[in-house]
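Right, one structure below, let's go through it.
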Amino acid sequence: MRRVTASATLLALAIAALAPGLRAQSAQEPEEPSHLGTWTHTIEGLEGPVALDFGPEGELWVAEAHADRLRRFDLSGEQARILEDSSVWGGPSGLAVGTRLYVSDPARRRVVAVGRETWQEVDVVLAGTEELCDPRGIAAVGGRLAVADGLGGVVRWLWRDRRERLGEGLLACPTGVALTSDGWLFVVDRDRARVERFTPEGEHAGGFGDFGAFPGLFAAPQGIATWGGRVFVADTENHRVSVHDTEGRLLYTLGTHAIRPREGEGRLHYPAAVAVSSNGQRLAVAEPLDGRVQVFTRAPGAEPPKDPLRALAPQASPHYGPPIALDGPWMLLVEPETHAVLVHDLRTLPAPSELTAFGRRGTNMGRYLRPTGVALEAASRRAWVVDPTRATLDEVRIRIDPEAPLNQHLGAAAWVRRIDLRAWKRDLAGVQAFFDPAPSEVEWDARTGSLWVLDQRNRAVLEVSPEGACLRTLGAGLLLRPTDLALGSDGVLWVVDELAGRVVGLRTEDGSVHRTLGEGALQRPAGVCVDGAGRVFVTDAARHRILRFDPSEGLDLQIGREGLGPAEFRGPRGLTLDGEGNLMVVDHGNHRCVVVTPDGAFVRAFGSKLYVRPAMRPESNAPESSSPEGEGR
Amino acid sequence: MSARLHLARAALLLLAACAEAPDQGAGAAEPAPEQPGAAPPRAEAPGQGTATQPEEAPEGPRVVPSNGDGFRLEWSTEPSPPPLNGEFSVRFRLLDAGGTPLATDLSSLGVDADMPAHGHGMNVAPKLVQADGWVEATPLLFHMPGAWELYVDLTEGPLTERAQVPFEVR
């Protein structure tokens, strides 16, 4: 029997009881120059490891978002304990080890504390929409507790009797926090590609970093740790860990991009979290997409030696995704590395041609900090893009005649207008809204001319008029983390709920629930589409497959498995149908798009050659024999 | 050896093709980027009724509709046409569909420029000054040759709409 309490007194006692030295950093640097950077071992077989921390005995705790569990590993990487309970944490996204374990529970918008041994006794540390929107990384050191509130755009900071919101108006999407033993707070802001510093009194004291690929710059950094006057940043989309001093000067980078699937031993692929042991002898890096944690130890020298062979290898090709939209001859894809929206023409299949690109990263009008959703209507040559970080919905006109001969035209996209959804705060029709909307996906409704917009902060679907007014909301109170939506010809709007592991069908006429799909079968649903026969297709990014649901039979087909070959996927995300009724899948982890029939037969793949060839010519391209040299997009 | 011969032949063919290419005329203004079958260029000169390249248009203010047809932009540059890698200013006002000037607050306006094919903008940030119903934005700088787009954005409540003018800078 678990006991869940929300005792502020208990909380204060618990935080005060945290021994200052539990995660304390040694003030003593090793006498001989050394660095954390020699790979020792990998812990495989994890399900979405998104957070980790070392305990006082050197043990490593890992939070697995896809499995709703925490696992403890000893120094050699052997599993020692497993704490698994989705009723306590749903998709745990942050973890800090002190005298107790502090765990982010984004499904319930709360942070809980449990004993490391008596974990059945649960204290709610922070909860409620007034306190938290989207808890991510946690740090607990010396009586201080810091929680990154990602979509909330702040850090919740608790110390003695102070409960403050740091970085309001400065931070866009903080995902990681780290505390030094003397109380300095470092915050990694994913969408601004920055690290911000706060004094022990909670005052902002500058920061460092900017978006880019050169050493010292960041691309969607998510995790952070400190030890011995050094700041370790999990630089997710640069596939490395950057090591800085506390003033922000780059000391060295750790890890190179794992180009071949499952390439490890120091090669990194989307590292999302980093932790350093209290004695500074070990560093662990979590890679959710690859389901693993790599552990590094100290080595002589101030920084790792350069790998001359690796230095000659080309940069890995850009990824696609997560969103995809298709209408007529055109297809829209987002390139995460540049934040550009790519307009492709499908008439040149098997490889579509890129006609133009628009957007790209930036804060000016017409640019994006994180474009996560796109919609398209070829007949009127219009596209829509949503950016949850900026709370914007953009309309773009593509000045190309879809019937005209194919021709690339880099200036063809004209930005028409932007709707700032923050203007709707507390004015969303039908529900009481607590947060500025964070639009994460968009769908065009040809029947009415409206747009359906997913709002991740308020966990609802908004109907938006062409004039930019919010007409009504659907699904409020039903959804935990909506990530994608698709409108069926029968007027049912299918909404993917990533954290709940299901797809909810909402009737657009009245917002009532038509049906829910996938409970128990979907682990981390990501993308959805529906065909003319009413069959619903859903990508499962955690299980690397697509599920097909028949309107009468329910789940009737599983398509694909993990891999690089034909009809194999790695973290599939966005999904849509082409004009022939085939499924177009954003195979995000494999840097490509894959086309399969509705029955699961492989048709083609396009994107980076390195990743397309094993699907198109599997007999001559075993993944293990692929060479990164000379391959590019 | 055979491969080298093929390479040499290809190089000769390429050179020959280049020699036969028609002379584009050094220093001439290239046509505005236009897609075959694309929608008509949006720039129009009052009284002319035809789309023209801005630097080829008659002197004086010209008018373009905004991309969402919510307003019209009447504009001119000083000097005209804008120089390559030299500062210039743009003077403009916004009109409704009937040609009546709109009362606009400077805080609701934004002016910027971009090179879509290169994915970058200007390296200066223009300041806006309002006088006699007109707005002057200065400085602007097209620091490299190629296709540029000048943007004027109008924000009203949650909506921001854009008018844009293409330039081919040589």
Side-chain angles (χ1 to χ4, degrees), chain A residues 335 338-343 345 355-367 380-382 390-425 427 436-437 464-470, chain B residues 30-43 51 53 64-71 73 107-126 140 146-169:
Chain A
E335 189 176 65
T338 61
H339 299 62
V341 180
L342 313 177
V343 184
D345 195 306
L355 292 180
T356 190
F358 62 89
R360 300 187 181 86
R361 184 185 167 83
T363 54
N364 288 359
M365 287 290 178
R367 293 184 181 268
S380 63
R381 307 178 195 181
R382 287 183 297 173
R390 306 193 68 186
T392 53
L393 165 60
D394 284 5
E395 179 185 330
V396 176
R397 178 171 295 129
I398 300 169
R399 297 177 298 178
I400 302 172
D401 182 350
E403 304 302 322
L406 196 65
N407 193 5
Q408 191 177 54
H409 181 12
L410 294 175
W415 191 78
V416 176
R417 64 171 66 90
R418 164 166 292 177
I419 305 170
D420 185 346
L421 276 61
R422 287 171 296 191
W424 298 342
K425 186 172 184 179
D427 193 27
D436 291 338
V464 181
S465 74
E467 293 76 31
C470 181
Chain B
E30 289 184 0
E34 188 176 336
Q35 180 72 11
R42 307 189 71 81
Q53 180 65 20
V64 294
S66 64
N67 292 342
D69 287 327
F71 63 92
L73 171 72
S107 63
S108 67
L109 296 171
V111 174
D112 202 357
D114 208 353
M115 292 192 86
H118 293 238
H120 66 70
M122 298 185 298
N123 47 27
V124 296
L140 290 94
W148 284 83
E149 290 177 345
L150 170 71
Y151 305 134
V152 175
D153 298 328
L154 171 65
T155 300
E156 290 180 306
L159 279 174
T160 300
E161 186 166 324
R162 167 166 291 176
Q164 66 186 63
V165 182
F167 291 87
E168 186 66 32
V169 180

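The chains referred to below are lettered A, B, ... by the order of the sequence lines, with proteins before strands, and numbering in each begins at 1.
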Which distance, rounded to the nearest 0.5 Å, do you find between the [atom1] of [X] and the [atom2] of [Y]?
X: A:Trp415; Y: B:Glu161; atom1: CH2; atom2: CD; value: 9.0 Å
X: A:Arg418; Y: B:Asp153; atom1: CZ; atom2: CG; value: 9.0 Å
X: A:Asn364; Y: B:Asp112; atom1: CG; atom2: CG; value: 5.0 Å

[X] portion near chain B, given a 4.5 angstrom heavy-atom threshold:
X: A:Arg360; result: side chain
X: A:Arg367; result: side chain
X: A:Glu467; result: backbone

Least distance between heavy atoms, B:Asn67 atom then A:Ala414 atom =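 Heavy atoms of B:Asn67 and A:Ala414 come nearest at ND2-CB, 3.9 Å.
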Smallest separation among heavy atoms of A:Gly411 and B:Pro116, with atom names =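 Where A:Gly411 meets B:Pro116 most closely, the heavy atoms are CA-CB, 3.8 Å.
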message = Under the criterion side chain to side chain contact (heavy atoms under 4.5 Å, CB included), I'd like the reasoning laid out for B:Arg162 against A:Arg417: C-alpha separation, chi angles, the key distance, then a yes or no.
response = CA-CA 6 Å; B:Arg162 167 166 291 176; A:Arg417 64 171 66 90; over 6 Å; no
inquiry  = Please identify, among B:Pro158, B:Ala117, B:Ala163, the residue contributing the most non-hydrogen atom pairs under 4.5 Å to chain A.
reply    =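 Heavy-atom pairs under 4.5 Å are most numerous for B:Pro158.
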